[in-house]
Each structure stands twice: as C-alpha cells, then as structure tokens.
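Predicted, not measured: the structure shown is a model, and the values here were computed from it.
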Amino acid sequence: MASLAQEKRAPGAPSFLSGLKPGRASLIALAGLALVGAGPFVTDAYLTNTLIKAFFFGIAAITVDILWGYAGYLTFGQSVFFGIGAYSAGLVFTYQGFSGMSIALALGAAVGAAAILGFLAGWLSFYRGAAPFFASIISLVLPIAMSQLALSGGSFTGSSSGLTGFESFDFSMEEWFWIAGYSLMACGLLGWKLVNSDAGRILTSMRDNSNRCAYLGINTSAINTALLAACAIAASLAGFGYGSFSCVVAPELLGFSLGTEFIVWVALSGRGTLWGPLVGTVLFNVTSSYLSGSMPFMWQLLLGFSFVLVIILLPGGLIPLLARPFAVNKKSVPELVEARPGEKALPEKGWPHAIEMNRVYKKYGSLSVLRDITFHAESGELVGIIGPNGAGKTTLMRCLSDGGERTDGLVKIYGNDIERFPPEQCVRFGLGRKFQNANIFDSLTVAECLRLARSIKERPSFLEKKRTLALPPYVLDVLRLTDLDKKLPVPARDLSHGEQQALELAMVLALEPLVILLDEPTAGLTKAERTRIGKVLVSLARDHGLCCLLVEHDLDFVKEIATRVIVLHQGCIIMQDTVDRVVDSELVRSIYAGTDFYAGPGRKGLREGAA
Amino acid sequence: MKLFLRSFTAATLLFCSFAGNAQAAGPIKIGVPVGLSGANSVIAPAVVQASELAVEEINAAGGILGRKVELVIADDGSGAVGAQKAFDSLIFKSKVDVVIGMETSAARNAALPIVSRGRVPYLYTSFYEGHSCNRWMYINGWVPEQQSASVVDYLMKTENAKTFFLVGSDYAFGRGVLEYTKKYIRQSGGTVIGEEYLPMDGNDWTAIISKIRSSAPDALISCTAGGAPNVSLGKQIKSAGLSMPYGNMAIDEGTAKSMGADASGMLFSSSYITTLDTPENKAFLAAMEKKFGSGMKTPNDLSVPQYDGIYLYKAAVEKAGSSEAEKVIAAMGQVSVKGPRGVIAIDPVNRHAALNMYLGQIQADGSLKIIETFENVQPGPQCLK
Amino acid sequence: MVFLLDCLTTSALLFMVTSGLMMIFGVMRIINFAHGAILGIGGYAAYVATARGFGPGYGWALALLAGLAAGAVVERLVVRPLYKRPLDAILATWGLGIVIIQIIVMGFGRGVQFIDAPIHGSTIVLGVSYSAYRLFMLPVAAGTSALLFLLLNKTRFGTKTRAVIMNEELAASLGINSELIRFLSFCLGAVLGTLAGALISPLFSVDPYMGIAWLTSSFMLVMVSGYSFISLMLTCLVFGAAQVVISSFVNPVLGGMTIAVLAATTLRLRSKGFSRG
C-alpha cells in the first residue's frame, strides 16, 4: 500500500463541511429538509420520478465515496449490492406476495445477502500483501459473475428480462419522493458523521499508510471488510427502495456498467467529500434524463472525456471547485490531557522475558539473512543492536514484529508466542515499532495521528470528535520536548524531518508498549534533539520498565544510553555484552575492519564511537 | 372602458378558439423507445428509419384524423434501467399519445408498469420469447410458437434428422425459444441429445463445439444473442468442419448476407425478408430507398413490424375516431393493415398477431432462398386467461 | 484429443490476449484498463485492411502501427501524469477505454464486422479434424513468447527494462532513462494488444466491444502470474485448461467464470502460503 501514500493529495483534501460551525451545518440540513419537503409540489411528475430514482442512486454513490474517496478502495462492484437489494424485493414480492411478512423477509434477504457477499468480497480482496488495485479487480469480477448468475436463473430470476409487475408498497409519488429524499439525507448525514468522527480518521489513515496502521495494532483487513459489508448493506437497502419503487429488477442493476457509472458520478462530482457525490449524482441523473435520450453516444463520449480529464487534472472533482469560495478550513484542536495509567501492572520479577528469540532463521531461497538468532531481553533494559550494513538488523526487527516474516524459530513477547500472527496482533502483545524512515499519516494532523495511535487503548467514537486527547505522560514529555504540542493542527506532511521522527516515536509510545523496537531513532536529528530523545528513552526503560531494542549506528548515542549491546554480523549474533566491552573487543574490531561500516555515509563509524 | 371590455372579450375569444383549434389540430405524438445504445444499437437505426418513413407517409397523406403525426425517439439503452428513463420521459415529459417500439425483453418488462401508470397504448414490435401480457399492450412480432415449428419440421422431414443439439445464449430469448423448440421436437418424435448455453456476451464456443462434435447430432439449432455471439458461433462451426444441417433462430437477413460463405446452408425462419414479391413490399422498399438512399439500413424482421405497427395505430385511431387511450386500445384489436409482411391483425384478447412465416436457407453467395411459405401462422394461446 | 487441442489453443489465445497487459503491468505496475479497447483497435485495423482487399499481413501491420500510435499517445497524455497515482491511472485508462470505444462506434457503427480467416476450414491433426486457424494460434503464441523472452533477456533494452522492474531508483541512478523504458514498454504492450486483437478477430467477430469479454480473465491471469512472462505462460496453460474442463464437463456458463474465480481464490490462499515461508 506504500504507493498509495503518494495519492494523498487527491481525495483527502479537508472537506469543507468538516470545518463548519454547527450553526451552519444545521442550517444546510434544514435547507435540505425543506427542499425535499417541498420538492414534489414544485416539480412535475417526470422530474419527481427522475429525482426519486436519483435519490436511491445517490445513496449508492455515497457508499462508493466512503469506500473510495475516504478508505481508498476503488470499487467497480457497488452495483452488485444495489442489485441484490432490488432482487430481494423483486424475488420475494413475486414469489411470496406482498405482505408484512414478505416485507420483513425481503429486507432480511437484502441485508443478509449483501452482508455475506460483502464479507466474501472483503475476504478475497483485503489481505496482507494484496496489491492496492487487486481489490479493484475483484470488484470488477463480482458484478460480472453476479449478473451472469441472474441471467442463468431462468424463469426464477426472469433471466435477461428480469422481474416486473410485482406488487409493492402503495405509496403516492409524493410519499416516495419524501422516503427517497430523506433516506438520502439520512445516509449523507450518517456518512458525514462517520468520516468526520475520530473512528472515521482510521479510514483515511488506512488509505494513507496501511502498514503504519497495522503496526498501531489496527486490523486494516478487518476494518476494510467490515466497512465494505456496511456499505454493501446501505447500497442494498437503496436498491431495495429502487426495486420497490420502480417494480422492475433486471440484471442491469447488478451489472458493472452501473457500477462504473457510480464511479463516474463520484469522480466527476468530487470524491472524498460525500456531499459532492450526493449533489452530483442527483444533478447528473437529472441532466442525463434530459440529454442522453436524444444523443446517447455523444453523451457517453462527453462523459468519458470529461472523466479522463477530471481524473488527470482535477482529481478533487468539479463540485468542490464551485464551493471553494465558501469553504471554511478550520481544524479543531483537541486539548491534551494525561491518560490515566493503564490497568496493566509494571513487569515484575518472575515475569517471562520481555523478548525471547530462539533459533530464529530468515531465508530467501538458499540465502540466509538471519541464522540461529537466540537471545532475550528484559524489562527495563535498553539493548543496542549494532552491525555493518546488511548484517540483518532491520530483518531482525521485522521478524520480531510480524509473525509472518521468519522462516523458522520461536519468538515470544512476554511469554506470548507470536506464531504467524500479523503485526496488529503482535502490537496487542505489547510491541511497538518505530521505523527507520518516519512512517506517519501524511494527510492527518499531528493530533489525528496521535488519536489514531491510541485507538487500541481507547476505542475511537463513530459519531463524534472528542475534544480532549488523553496520552500517557511520557508521550506528553516527548511532545513537549520537541514542541510538537504546539503543532497539533498541522498536517503531518508539513512537519520537518526531525518532527516527523518525533511524531512517529510519540505515536508508537502512545500505544503504551511494553517492548519497543527503534530503528535508528536519531537518524537525521540535530545534536540537541538527539540528547532529548536519549533522555526520553532512558526514562522509558528506567522509570516505566519498558524493554527497548535499538538499532543504531551512532555509537556515542548507544554508549550513552544502552545497557547492553548485541552485535550482528552476516545474520549471526557474534557478541552480546556491555557497550564498553563490545567496543573494545578485538573480534568486533576485526569484523568491522574492511567493511564499509566505518565510512557509512553521514554516519558515525564504530571507530569514532570507540575513540 | 367599453373599448377595453370589448377588446378583452375579443382577446379571450381568440384565445379560446386558438386553444380549441390546437386541441383538434395538435399533432399526435408517437413515442419510439429504442436501443440507440447497448445491445440493440446494431438494429436500432433500421427501426428508426422505418418509423420515420411511416410517419412521413402518413403526414403526406393528411395525417391521422387530420392531425399531423410527430415522432419522439428516446434511447432505452437496450435495458431495464434505460427503458424506465425512456418511458418516463416519453409518457410523462413528452406526453406521447402512444408508444410503439422494438425493444429487448428487459426493456419491455421494465416499461410495462410505467405504461400502466401512464395509461398509454403500447405497441411492441419485436419478435420475442412470448407470453408477455398487459392491458395496454399489443404485439405484432412473432413468438416461438410461430417460428420454431417450420425449422424443426423441415429438419425432420427433409433432412431426416432424429437427434438434435440445441445451442443458445443464456438469456430470456435464447432460453425461451429453445425451450419451446425442445418441446416441439419431443412432440414430433425427435430427441434432444444436447442443450448448451454460453453467457450472453460469450463468443468462444470451443467447448460446446467439441461437445457437438462428440455427440454427433443429426441437426443443430441455435438461438443466440444477436451480433457477435451469433456470428462467432457460425464461424466457429464452419471452421471446425461441422457440416450437419443447422437452423439458426436468431439470424437476420443483413447479418446472414455479410457472413457470406460462413452462413451458407443455414436455415432460418422469419416473418419478413426483403425479397418478398408483393406490391406492398416493393412499394415499401422503393420508398425506403428514395428516402434514405445509400444511408438506408436493410429493412428486417424488426424494423418492418415497427413500420406496420405505426399504420396499425393509425387504423385504430381512425376507427376509434379519437386518440383517447381507452378507445384506441379497444379499437386496436378490430383493425387490420396490409403492409410489407401481408395482412396484420392483432387479436383483441390474445394480443398477438397471426403472421405469414417464411422458412429460408442461406445460399453460398449469401443470398436467401425461400424454401416454404406458411400463411397465417397462429401464435397459439399467449394472453388467453 | 480434441479436448487436448481445445486446452492448448484456448491457452494460446489467452496468452496472446494477455501478453500486452502483462508487458505494461510488469514494467509500470499499472493495470491498463483500456486493454479491451486496445484489442478492439487491433480488430478494426485488421478489418479496415481486409475490407479494402489487402491480405491479412497488411492487417497485422496496420494493427501494429495503430497500437504504436495509441500506446504513444496514451502513455504521454494519460499514463505519465498519473504514474505516481496508480489507482487514478486505472480509472483514467478505464475512462479512456470508454472514449476509444465510443470513437470506434462513431467511426464504424455499432454493427458486427467480419474478417475472413486467412486459413480456412479444418485440418486433420493426429486423426481428428480441427479448426486450422485455431491451430495456427499455437505457433503464433509460442513465437510471441519466444520473441518476448529474447527481447527481455538477450537485448540491452531487456536488461534495462529488467533493471527498471527490479529497482527503478537504482536503475535511474545508473543512468538508465527509466521514463523512456516505461514509454517503450507501454507502446510495446499496446502493440501486443492490437496485434492480439487483429489475430483473434477471424475466429470471432469485430465489434466495438469485442475486447471487453476478455478483460476480467486477462486481468486475473496477470495478477496471478506476477511479473514474469514464463509464469504467465504457465498460468495461461493451467487456467485455460481449467476453463475448458469446466466448460466441457460442467457448464459453459460456469466455464466463463472459471478463470476469475480460480485466480481470486488462488491469490487469496497462496499469499497466506507465502507468509508461512
């Protein structure tokens, strides 16, 4: 997903509603209410009819926007869920008649089938190591397979003719208009609440950097799958409404041209804004109902052209452009407070080793990158790992934090075997990992990044934005030492390199880990920053009982803070001892002689540190 | 003051008389929903041309009940969603007096609830799989009951076929026609030794052809989606070296001609072919040629029913003496027109028409030879309760 | 025997249709969603040539030129600006596919066009009579894969391309013009696509949407094979055979879905298998 991080500019632009004062938001909501209420009396029968359908399509478009604009999952298959809802209505009302019972049955079928298929699609699409567009390709297969299924259904599904003329709700056009209109508004509002809530930030963060999410203990596959299932249900209910209103269901409603149309609407009207697709879908449907009838090919060509142009030149879409003059871009800043210390007691004597690695191997084919790694580290220890480039230091970190990495051997975190668990599970055993390059969420603010890092400690709310942000004392220390506490509303991508490093450290610490892995935490920092970080680390180990594992080239730094040093060479541990003894060791000197370790660009060599 | 009053009255009178005139002389609007885009877009231009010719002729001859006729064409996208848009727009926006159109079954089915709601006469002018009924709908295309028998009979009697292999595209029309064909083969004492379907847009018939080869039937009958699947099947059968007699239920004249040698020997059955030797057909073709010249699309079994459908509507309005929907629907079952396909009259209860059907065979040079003519073939019970 | 030939020729067709997609995916990590439309361009190039009475060779040459032109234009105008936004590249190529198809419709109409096969009828192979043109696809596919193998492994272009595939930054720092490599690969991919379109058209028919039917299968095949042509060939063989098996012994409708379903499950399960080491 790393490549996705570079797409941040396009969709994640701060939505203009998110910064609205409540007064203005409720004003817009009221205006919407009034508009929908008056709608049927000011439009003629034809427009009313067109709008009712557009409203149902609008709901589906909103789900596409949540999945794609916010969570970064480009789906061609949302029509499948829309169609499932419509077919549920069609099939049940055709074969069971229309009654209270059958309405319940149809609704149940719509929700159930969509949820099951959503989960299945999620399971197939979201797994560790899946290419980001793989999910898109699966989403392309789904509608093709489903419409095929409907076509092969013979007289049961009506094949290509679909089902029609079944009895349905006896509402007047006005009533349908209100039902569809208010459903769309409710969906829009709910979606808006969701994406702007603290939990909603998780969606953006997964799009930005799913790897960091995993290492914050967030199970991205599960969240993506759950989100897909939820959006599937919403789209299915919209389809249910569409089917019941029009009394026609046909394979077209499941097909991928409808799915593509959803995307076109969302892309043209502005992904990642919710209200853009909401307004846009309605507008496009009305326009096309007046234009496409007379010039279908020209219409499609025009649509295709503008689609390509918008994607290339204006990824934000057209409608936000019109609204830009009215945008209020104010980020709310939460107040920092100290988190109450967790229930978890500090590790005591008699506890298992903080880290235990036993005969761990990592092989690529015949090449062994790690061989027979066996060591353990305890609570309160600050262990430095040193070794020349290519010695396997970062690989060792990986094998400690991701159960899927090592080829063979045993890894335990405080007695918990990490087996083949993914990173998010290892994090739940108390592991925190800071990467070599600052690994943060570019389009989120400092405050949002930190809130996200707390999500396994404090379940973020789905409906609101909390006004306070509770963090453990040592995280507050880090923020204060680096002045990040004054930059809470700044997007992470606008921070300096050192600040980004500090932010990542703060994020990892916000997990309240028991074991923390640090891959060159001081790289690129100034001397002053380095000293401050050093103090923080020492206090973490000494005062808070954390076990810190530190990959570092700066021997001065290691010498200052480490309690012990492990030397890696060609994938093997060749020495474990105190800093002084390691530095003075003849063995280590001889190993480093002739390697580029001394001359590592921009790094302090061993000799310098030992001097 | 007096002056003012007078002129006001005059103005009102004038206005009223204008309005009254407009009522009487205002055009009759005929809505034509058709698949300008999507699967039917291959055939749609011919249908539009046929409609235009009919309307031009009617207007030249003084219109219907003295009123001009106006055509409103709407794209139905060849499917359900598009058809709903098209019918909504025709009935509720353009407020047409009648809908006359050749469409897919999906489009027709999607349209029926709208037609019922809008209370507008609807003339469906496509051949289809049968048994679609609605108070407002009349149909003048063929159904399998009128078409399949001639092909099966010929294969059994002339080619001595006992065993049949059926191949189709997996959709309502393909399934519907072959279902009836299968029933008819069994009734006639033949056996169906294989029945295979490919998805509607499937073009690669390899596996099915291998099956046909290994089961070696006496004859082959296919009913695929129009265009690419049909053509691919014909080509692949030829290139696989299969040479058993072959009846193609879904081929139109234009396609057969352009397939040339790949289609030679194919049997087909239809209610219209261009070579019909009747004065009505000759006049029709001449008029088409005159109006469209080199841009003329070959008239076919879908565009000609559209043409005579418009004349049927004219006859019904004239009989009813009004374009009022209820009266037209009542009159529609009592009129008949003589068009390029012969005399067409739709049964007021069964809602389908008896038709002249032609069994033909495609020759090596792509020309069509009529083997046998069946007059007045009944559609069988379609909408009888 | 016929069954075996069915499997082989189906795989050969799949390989022909997929190789252009693979070329682009391999080098640029982008799935070209306009691939279906590119196949269509090839089909129409062949149609234009044969309808004017030229032989099939001219059709192929025209397809090659059309592919080159289409590839160059698309790469410059659409793909290059989106290289850093792979998901948007998918979308833009998809939109482009719609545009190309609409242009074809406006130029040639919606109708189905015919191309006469350069090799007619059937031949007797090992005792069975089989479609000659389908058999002709076997050496064509084998030749294509051999040429691609030589190109990628025995030429300077190939070495550079592989360098770009492995590590673009490093390759760039070694003075390889990775932008040019990407451009050439995209053009090559488009050419492979149009050639495939021209080659398969005598077996099927030519219409604006002719490429769409191949899209999902070819996408899935590429996803399963990863980045190598050899594995693409093997995947085509295995999955093509599976498709024929399901079509022949179970149901052709299911057969049409075989590749997609099989590929999706394979990817899902294999990725887990890999993480086990």
Side-chain angles (χ1 to χ4, degrees), chain B residues 35-46 78 167-171 195-214 225-243 252 254-255 257-263 297-298 366, chain C residues 1-7 9-10 13-14 43 102 105 109-117 119-124 128-136 200-210 212-214 217 240 243-258:
Chain B
L36 293 176
S37 60
N40 271 357
S41 55
V42 182
I43 214 81
S78 308
V167 182
S169 288
D170 199 353
Y171 75 126
E195 185 181 1
E196 292 291 344
Y197 294 88
L198 210 59
M200 204 173 160
D201 58 350
N203 288 336
D204 192 351
W205 302 88
T206 311
I208 293 178
I209 286 176
S210 296
K211 269 191 194 175
I212 299 172
R213 193 202 308 270
S214 63
N230 205 352
V231 174
S232 310
L233 177 62
K235 277 188 162 184
Q236 288 169 26
I237 284 175
K238 275 278 172 226
S239 72
L242 296 180
S243 56
D252 64 286
T255 311
K257 272 191 174 146
S258 50
M259 274 177 78
D262 279 337
K297 307 281 175 199
T298 313
Chain C
M1 191 56 220
V2 170
F3 172 73
L4 187 70
L5 287 175
D6 279 353
C7 289
T9 51
T10 301
L13 283 173
L14 283 170
Q102 292 308 326
V105 167
R110 236 330 290 267
V112 179
Q113 313 292 349
F114 303 83
I115 293 184
D116 223 7
I119 309 169
H120 278 286
S122 55
T123 14
I124 310 280
V128 290
S129 108
Y130 200 79
S131 161
Y133 195 76
R134 270 186 88 86
L135 284 175
F136 171 61
I200 61 169
S201 54
L203 277 176
F204 304 98
S205 63
V206 175
D207 70 307
Y209 297 87
M210 63 180 277
I212 303 293
W214 297 92
S217 291
Q243 181 184 339
V244 175
V245 167
I246 303 278
S247 299
S248 308
F249 299 112
V250 188
N251 175 343
V253 173
L254 287 179
M257 289 188 243
T258 309

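- Closest approach of B:Thr206 and C:Arg134 over heavy atoms only: OG1-NH1, 2.8 Å.
- Shortest non-hydrogen contact noted between C:Ser201 and B:Lys235 is O-NZ, 3.8 Å.
- Separating the OG atom in B:Ser210 from the CG atom in C:Leu4 is a distance of 11.0 Å, to the nearest 0.5 Å.
- A distance of 8.5 Å separates NZ of B:Lys211 from CZ of C:Phe249, quoted to the nearest 0.5 Å.
- When heavy atoms are compared at a cutoff of 4.5 Å, B:Thr255 approaches chain C by way of both its backbone and its side chain.
- Applying the salt bridge (Lys or Arg N to Asp or Glu O under 4.0 Å) rule to B:Lys297 yields no partners; only residues at least two apart in sequence or on another chain are considered.
- By the salt bridge (Lys or Arg N to Asp or Glu O under 4.0 Å) test, B:Asp170 pairs with B:Arg175, sequence neighbours left out.
- Within the 4.5 angstrom heavy-atom criterion, no atom of C:Tyr133 approaches chain B.
- Interface check for chain C: of the options B:Val231, B:Asp262, B:Ile209, the most heavy-atom pairs under 4.5 Å are formed by B:Val231.
- Summarising the geometry of B:Pro199 relative to C:Val253, their closest heavy-atom pair is CD-CA, 3.9 Å, with the distance given to 0.1 Å.
- The structure places CD1 of C:Ile200 at 8.5 Å from CG of B:Asn203, a figure rounded to the nearest 0.5 Å.
- Highest contact tally toward chain B, considering only C:Gly256, C:Ala213, C:Ser122, is held by C:Ser122 [criterion: heavy-atom pairs under 4.5 Å].
- Of the possible donor and acceptor atoms, one in the side chain of B:Arg213 sits under 3.5 Å from a partner among the backbone N and O of C:Ser129.
- Taking C:Leu203, C:Leu13, C:Ile212 one by one and counting their heavy-atom pairs under 4.5 Å with chain B, the maximum is reached by C:Leu203.
- If you measure heavy-atom distances from B:Leu198 to chain C, the contacts under 4.5 Å come from both the backbone and the side chain.
- The structure places CG of C:Asp6 at 8.5 Å from CG of B:Asp204, a figure rounded to the nearest 0.5 Å.
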